[in-house]
Amino acid sequence: MTSASPETDETRYDFRAIEERWLPVWRKTQPFRAGDATDERPTKYVLDMFPYPSGDLHMGHAEAYALGDVIARYWTQRGFNVLHPIGWDSFGLPAENAAITRGLDPRGWTEDNIAQQRTSMERYACSFDWDRVLATHRPDYYRWNQWLFTRLHERGLAYRKHSNVNWCPKDQTVLANEQVVGGLCERCDTPVTKKKLNQWYFKVTDYADRLLDDLETLQSTWPSKVIAMQRNWIGRSTGADVRFAIEGREEPVDIYTTRPDTLYGATFFVVAADSDLASELAAGSDAALQSEFADYLDKVKSASEIERLSTDREKTGVFLGRYAINPVNGARLPIWVSDYVLADYGHGAIMAVPAHDQRDLDFARAMDLPVTPVVDVRDEEGEPLPDPRESGIATTGDGVLMNSGPLDGLDKAAAIETITAQLAAEGVGEATTNYRLRDWLISRQRYWGTPIPIVHCDACGEVRVPDDQLPIELPSAEGLDLKPKGTSPLGAATDWVNTTCPSCGGAATRDTDTMDTFVDSSWYFLRYLSPGKTDGPFDELDAKRWAPVDQYVGGVTHAILHLLYARFFTKALHDMGMIDFEEPFSALLNQGMVQMDGSAMSKSRGNLVRLSEQLDEFGVDAVRLTMSFAGPPEDDIDWADVSPAGSAKFLARAWRLARDVSSEPTVDLTTGDAALRAVTHRTLHDAAELVEGFRFNVVVARVMELVNATRKAIDSGPGGADPAVREAAEAVAMLLSLFAPYCAEDMWSMLGRENVARAGWPTVDESLLVEETVTCVVQVKGKVRDRLEVAPGIGEDALRELALASPQVQRTLDGADIRTVIVRAPKLVNIVPA
RNA sequence: GCCCUCGUAGCCCAACUGGCAGAGGCGGCCGGCUUAAACCCGGCUCAGUGCGGGUUCGAGUCCCGCCGGGGGCACCA
């Protein structure tokens, strides 16, 4: 690069002038373009979660990108070839809803927002590689969604089924389980209801075990909170299937239980009200019961998720007048239907053991059904727990089996083992595993998404669109009514819908649903690796070179959804032989949120802080530095508690150091003042460790210390001409380049150098880190009585003698006998009197 | 209801595998610079770590029980 350094005003720190000076330079030099295949530096893939283009950047983006940038810029300084890309998660409801409200074309609205966000990111000095941007709403991206869908479909991992799905009455679309939060639609907070529809799914449950077990490999590099949430979400439970004969029905019915040991305590049988089995069994009973069942089913279906989930809800149900036979003892169990049994977990039917399951007990008490304890459960003192029949509290703990035939006298574990073996031997059951995790419902009845590449043909059925006909582009929104109405708006685009069957050439129609946008974000990290590729989603060699992501940075809001789906895609791609790793994100950092006055910012709350106003008032660097300095990255930042003005003040102070350096860039740094050099080198040494541990707030504090020490050296020490002052100022500039790139670049330029982002981390002189003496604390009975300046290498015996000889210690001891002396050389001696 | 986290100066936060409670900042106060103010420079102030026990030579750190804040899960048989 030739010297393009614009003139620097060397008298005062003016962040506006500095921003105007360097932004155009960086636009031209693109200092963060990733190195190509010939680059020999080791690679590092640092990824920030990509934003929705639903307006300009806000404070939350500012925090996330400030922190991601610290990491990306750090590895660049450490000599790595860093890939730090950005793009837009640009399909989805926000664009569509905005289009509906304002009568705009979602495409135009989306592209405008992307342009605005990009400009803001450049101003914010994000260290992105601008040659690799992607936006998921563009055909050159979603084409590969369709291609990947096709691959999954070929493998039976994408399929369609009728089932009761979560339905948002406001957005008029189905929702994935993961998008129902507390019974409400994640997007609009409308109570979610159920609807029976034919929908597309990805078979995530095939990967349940691997998704769970592989969390082990992330134990030390992902937040334990996220791992716990994923584990909990997958919810593996082990138990047994048990086959119950049904009177008047040819086929037996399986139930799933985690407590086969309590089989002798089953007193009734419950079928999920909204299951097919319930309807079938009801149809076989008398007319009065049939209509009672029909009424109940109506009530269950109209209940919102919110009502269904409320815990203190009374148990309800209907007796079907039919009986199931307990395979272990032939007992006739009355069959009830109820909504407390879920249709889509296990087999949608349970054996009820009210003595040892609280839900069953609640139901038994509501319906006046018998309760038979079969486990003698005791408390810590060995006293029997109160009888559930009296207490109303089921005894769910371990204990000795009773009233259970061959199981009597066994404990829970032994009983489970025995009974499971017996069931298997008799062919009426076996050990099984169940998961809370359900398959991923990916179809949406909305316009702004990836069309599903399937054609429906009367003759051939469901036909995949051949790869060479992809992408199936979204038709223009013009003339389409995008308002939610329960079926996809694409259905009205008749020219688009009507097509020919790829298989037989006859008349056929396109599938009109679009994909969940979480499909888009499940593999975007791979697309960045091969931006222009037209014959595949990504290049396998590029993937080998860069992937998996070394460091992922984003909000904890995606702890379950996005991360689980991306992990699923990665495993599926691995099984297709396209990549050689099974986890997409080797390390994860969850940054907190930015709040104001103790709560999330929002227009309606009236506590919204505008990023653009903060940037205008304090400058980009001050805002970025404040984000890093506020506290640990995973903590929330309350903007009312922090001080961007203070950050600006500090940056000015740092900047003036460069102004006051009066030595030449060529000066021999090793000849500088030893004391200041020691501070500089210790800071450089510690900062590396601290950044890698995400302790950015501490790094900033240490840079502040270094700035203070350098200031002192200039004003009342060796002075601005001392080489140590130059060395310190250069270190400050290099370190600040991670947090405050404009200020750092300007300092660097004043110091007669170019391109601070690539300055490189100076080699730390280990000899400067060695301290000549250390302070040894001498305690008597744990209380500090004296401090000794000793050599770091002092021996235990010598130190013990020194400490005992201390006059302070002698005075405190006052002739008392000494019981023991604990010596931790060279830092501490503790003398314990008898 | 269950699980996970966090409680350190007026405020935001530091304190390595248990070892001098304070690195840094905000605020406040004092002084220097200034005709004055701002800026700037220097200095000072302020807690014994939410409460109660325990382990230990020694506890902010480990254990138990409370209290308070935040988060997650919630009929998954």
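Every chain is numbered from 1 and lettered A, B, ... according to where its sequence line falls, protein lines coming before strand lines.
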Pairing of Arg243(A) and Asp254(A) as salt bridge, 4.0 angstrom limit: yes
Touch class at under 4.0 angstrom, heavy-atom based, for Ser224(A) against every strand present: nothing
Grab the N/O contacts between the protein and nucleotides 10-13 of chain B below 3.5 Å, and write none if there aren't any.
residue : atom : partner   : partner atom : Å
C12(B)  : O2'  : Ala630(A) : O            : 3.0
C13(B)  : O3'  : Asn697(A) : ND2          : 3.3

Sugar-phosphate only, base, or nothing, as touched by Arg702(A) at under 4.0 Å among non-hydrogen atoms: nothing
Sugar-phosphate, base or nothing in reach of Thr820(A), heavy atoms under 4.0 Å: nothing
Spacing of His685(A) atom NE2 relative to A23(B) atom C1', expressed in whole Å: 17 Å
Under-4.0 Å salt bridge between Asp357(A) and Arg259(A): no
Test side chain to side chain contact (heavy atoms under 4.5 Å, CB included) applied to Tyr340(A) and Thr316(A), Val270(A), Asp362(A), the passing residue: Val270(A)
Atom of Val778(A), atom of Ala803(A) and distance for their closest heavy-atom approach: CG1-CB, 3.9 Å
Touch class at under 4.0 angstrom, heavy-atom based, for Gln779(A) against every strand present: base
Sugar-phosphate only, base, or nothing, as touched by Lys225(A) at under 4.0 Å among non-hydrogen atoms: sugar-phosphate
Sugar-phosphate only, base, or nothing, as touched by Asn708(A) at under 4.0 Å among non-hydrogen atoms: sugar-phosphate
Verdict with supporting geometry, Arg711(A) and Asp715(A), salt bridge (Lys or Arg N to Asp or Glu O under 4.0 Å): CA-CA 6 Å; Arg711(A) 181 81 261 155; Asp715(A) 290 349; 3.2 Å; yes
Sugar-phosphate only, base, or nothing, as touched by Val341(A) at under 4.0 Å among non-hydrogen atoms: base
Ser237(A) and Tyr256(A) side chains, donor-acceptor separation under 3.5 Å: yes
Nearest-angstrom distance from the residue atom CH2 of Trp655(A) to P of C40(B): 13 Å
Watson-Crick or G-U wobble mate for G68(B), both contacts under 3.5 Å: C6(B)
Separation of C40(B) C1' from Asp715(A) CG (nearest whole Å): 10 Å
Presence of Arg231(A) side-chain N/O under 4.0 Å of C73(B) phosphate oxygens OP1/OP2: no
Distance in angstrom units between Leu828(A) CG and C57(B) C1', rounded: 10 Å
Separation of G72(B) P from Leu563(A) CG (nearest whole Å): 15 Å
For atom CH2 of Trp233(A) and atom C1' of A74(B), their distance in whole Å: 11 Å
A38(B) OP1/OP2 closer than 4.0 Å to side-chain N/O of Arg12(A): no
G1(B) pairs with, by Watson-Crick or G-U criteria that keep both distances under 3.5 Å: C73(B)
Phosphate-side-chain proximity, Lys649(A) and C26(B), N/O vs OP1/OP2 below 4.0 Å: yes
Nearest-Å distance for atom pair CD1/P, residues Ile637(A) and G25(B): 19 Å
Sugar-phosphate only, base, or nothing, as touched by Val832(A) at under 4.0 Å among non-hydrogen atoms: sugar-phosphate
Integer-rounded Å distance: A14(B) P and Phe696(A) CZ: 13 Å
Distance, C1' atom - from G60(B) to C16(B), rounded to whole angstrom: 15 Å
Complementary nucleotide for C62(B) - Watson-Crick or wobble, under 3.5 Å: G54(B)
Proximity of Phe363(A) and Phe268(A) rings by center, below 6.0 Å: yes
Check: Lys315(A) side chain, C75(B) base, donor-acceptor under 3.5 Å: yes
